[in-house]
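In the text below, chain A, chain B and the rest are named by the order of the sequence lines, each starting its count at 1.
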Amino acid sequence: SRLTMSESDDDKPLKSSKKEPKPEEDDDDVPLKKAKSSKKENVQSQVKEENAPTAAKESKKKKKTKRKRGDDDDDDDDDDEEDFDTRKKKAPAKKEKSSKSSSKSAKTDGKGQPKKPKKEVKVEPVYEWWKDEQPLAQGKKWRFLEHNGVIFPPNYEPHGVKMKYDGQIISLTPEQEAIATMYAAMSRTDYAGKDVFKKNFWKEFSEKLGKNHAIKDLENCDFQPIVDHLDAEREKKKALTKEEKLKIKQAKEKTEAPYVTVVLDSHLEKNGNFRVEPAGLFRGRGEHPKMGQVKGVIQPEDITMNCSEDACPPRCSLPGHAWQSLVHKDEQTWLAFYKDTINGEFKYVFLSAGSSLKGQSDREKFEKARELKKHVARIRQRITQGLKSSGLEMQQNTALWLIDNLAIRAGNEKDTNEEADTVGCCSLRVEHITLGTDEEGPTIYFNFLGKDSIEYKNLVKLRPKDEEKAKEGEENPCVSFVREGEEKNFRRVVENMRSLTSNSKKPSDDVFDQLNTSSLNTYLKDLMPGLTAKVFRTYNASFTLDQELYKLEDHPEKSSFLRNDATQLKFYNDANYQVAILCNHSRAVSKTFDSQVEKMDEKIKGLHEELADLKKKKKSADNKEQMKKKIANLEERISKQETQKQIKLKLAGVALSTSKVNYLDPRITVAWCKRFGNFPLNKVFNKSLITKFKWAIDEADEDWRF
DNA sequence: ACTGAGACTTGGAATAATTTTC
DNA sequence: GAAAATTATTCCAAGTCTCAGT
């Protein structure tokens, strides 16, 4: 099997090369090794120096013996650095690697090329779990886990800048100043104008001020001096020279190095979020009832640590403090957790997205979605049947139809005193639904706030017979046509929705009054083991991408899509776009969007003028051939500009990244890239995605199907 | 069946880094 | 060569779903 990713050695950003057989980045080898050794040293030395040495040694020994039992090729008994190094290098070599990459090491070393002008695509080293047999017992996530815990934000340093109240200069205690500064820091955000935010903040601020304080209310507070101070600080930071900035960065890297990598079983893994969240004002999304509340300082005493029994436990870096507790839960993947001070929510420290633990569960997620693919016809039949019944069963199947066809979320209940009022399928209310009709038949209009208070507005209707109209609707992201073959079911769904939203119900009543996500999932488990509502989102997203990408196979305009990387990328992004629309993944349009588009318009206009000018000149020119060329050139530039503008408009409020990161089986993309002239994967996956999906890059060949 | 604790995935915004443009 | 635009990364909020206890 030819593997794009892992055989090339050329880490040059493709750029020039169209579709030479030569694969693009895979520079991973090189940086891989480099990074490895340095990192290792960090971790190891850190483990040795910072942790109680005896404990460390002890644990290491145990680990070693363990490892020997596990795989016996590893029996050097010098110190651990070496231990890891050899492992890392050995592991790939001894495993099936050999088959395809005899050239690998040669490549690595054989490149003494000059500096690339462009960015290098470095790929993080990852432990290649998919090449390992996994002898872990059921439910166990690891045998050995050792790490250095978490890193705390620095203590608050009072700046002494005085705010004003009613025109008077006010002195604050450091504690009071700290939260006044948090407030000042948010003065230019939207939160600053929100009553709930101000109310919640004032409650805490006034408490901190105490009774009889000179400051009596928020309205007459003037935080401007602090705001100015913060601005000045920011400016100062910005004004640092390149060298100074670099120095700071390096210092930070150095202090964080011990936390970046952890030991999991017999290899190293990247840690994820080992930085404890700093105190600040809570910024909920949407109309969150708790926005503006102070998110308190987290102390070691709030944190529970998880590591293996035979590991050297993480040392608490704050003098005079201690972790709340130390546990050894090998059926869990978290390294540490604490509860936030807003709603008492759990905050976990996990390994990074590229780690084996995340990778394995990611793969399982997609495998489950593929399992659903095998059963989906049967399940849909069952749903179709169920639509015709009444009571609970009708509700269940109507809800499922929506979940399957519109890719909406399950919709757990929420307590609106504690959280923003958002809904999903099971929690839809009558006020979110509008039934109607148009030329084609019945329609349902959905209008509600979903996760993160993102608007979901969708007019669901039958596809018009008139091609023109169909096309129009297709381009409207707020309209979706009922899937082919589902027309009859849709009519039934509309009838059901009519009865579920009938006049006897208030707008604030639940549509599915007998449903909750838990009973719905119980029902789904019956249809397929392990099936839950969210699997439909994964399934439909991935299935859609697979379908869309395969359309290129015998597309009438295939060759024009394959003309160059840009056109091919556009084809991919259009497919990705379909998914993003399906899943309602949106993003804020930049504040300067309008002016940006205006600029583009002007540019295009300018080019047109230039073109007209050229054409005029051509008539009287002696060198007609050259002029012709120039004109053609310009026309090409204009068309490029115009497509760019189209893309910009199309993607204005749409986020493609969310589906890429969470919903699209990476193997679909990998296969497509391999199928079409080794299309450079790094045009569709950035560095983190390539790291995260290394398993898929290895696994999927060109005819892999979701 | 119901509840709440717990664990893990998913999500957009903020911020940092890089590239493009003028 | 600086400003603007674009892209990658970090941050942390907000979902889903499981499970244990009643």
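The NZ atom of A/K141 sits 8 Å away from the P atom of B/dT9 (whole-angstrom rounding). Put simply, NZ on A/K249 is 12 Å from P on B/dA16, counting in whole angstrom units. The NE2-P distance, from A/H288 to C/dC12, rounds to 15 Å in whole Å. One can place CG of A/N273 at 15 Å from C1' of C/dA14, the figure rounded to the nearest angstrom. One atom, CG of A/N521, and another, P of B/dC8, lie 18 Å apart when rounded to the nearest Å. Across the protein-nucleic acid pair, A/K687 atom NZ and B/dT19 atom C1' stand 16 Å apart, rounded to whole Å. Here B/dT10 presents its P atom at 17 Å from CD1 of A/I408, a figure rounded to the nearest Å. Between A/K648 atom NZ and C/dA5 atom C1' the separation is 7 Å, expressed in whole Å.
The existence of a salt bridge linking A/K368 and A/E371 is excluded, since no basic side-chain nitrogen approaches an acidic carboxylate oxygen closer than 4.0 Å.
Proximity of the aromatic rings of A/H432 and A/Y456 is defined here by a centroid distance below 6.0 angstrom, and this criterion is not met.
Contact annotation: A/R409 does not reach the phosphate of C/dT16 (side-chain N/O to OP1 or OP2, under 4.0 Å). Remark: A/N412 is not in phosphate contact with C/dG15, judged by side-chain N or O atoms under 4.0 Å from OP1 or OP2.
Between A/E204 and A/V294, the shortest heavy-atom distance links the atoms OE2-N, 3.0 Å.
Contacts between residues 581-592 of chain A and DNA chain B, counted as heavy-atom distances below 4.0 Å, involve A/N584, A/H585, A/S586, A/R587, A/A588. The stretch residues 523-542 of chain A comes close to DNA chain B through A/K534, A/R537, each having a heavy atom under 4.0 Å from the strand.
For A/T422, taking side-chain heavy atoms from C-beta onward, the closest of the listed nucleotides C/dG15, C/dA13, B/dT10 is C/dG15.
Residue-level contact check: A/R285 touches the bases, meaning some heavy atom is under 4.0 Å from a base atom. Within the nucleic acid shown, A/S519 has no heavy atom closer than 4.0 Å to any nucleic acid atom.
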Could you pull out the protein-nucleic contacts involving nucleotides 1-6 of chain B (nitrogen or oxygen on both sides, under 3.5 Å)?
residue: B/dG6; atom: OP2; partner: A/K339; partner atom: NZ; Å: 3.3

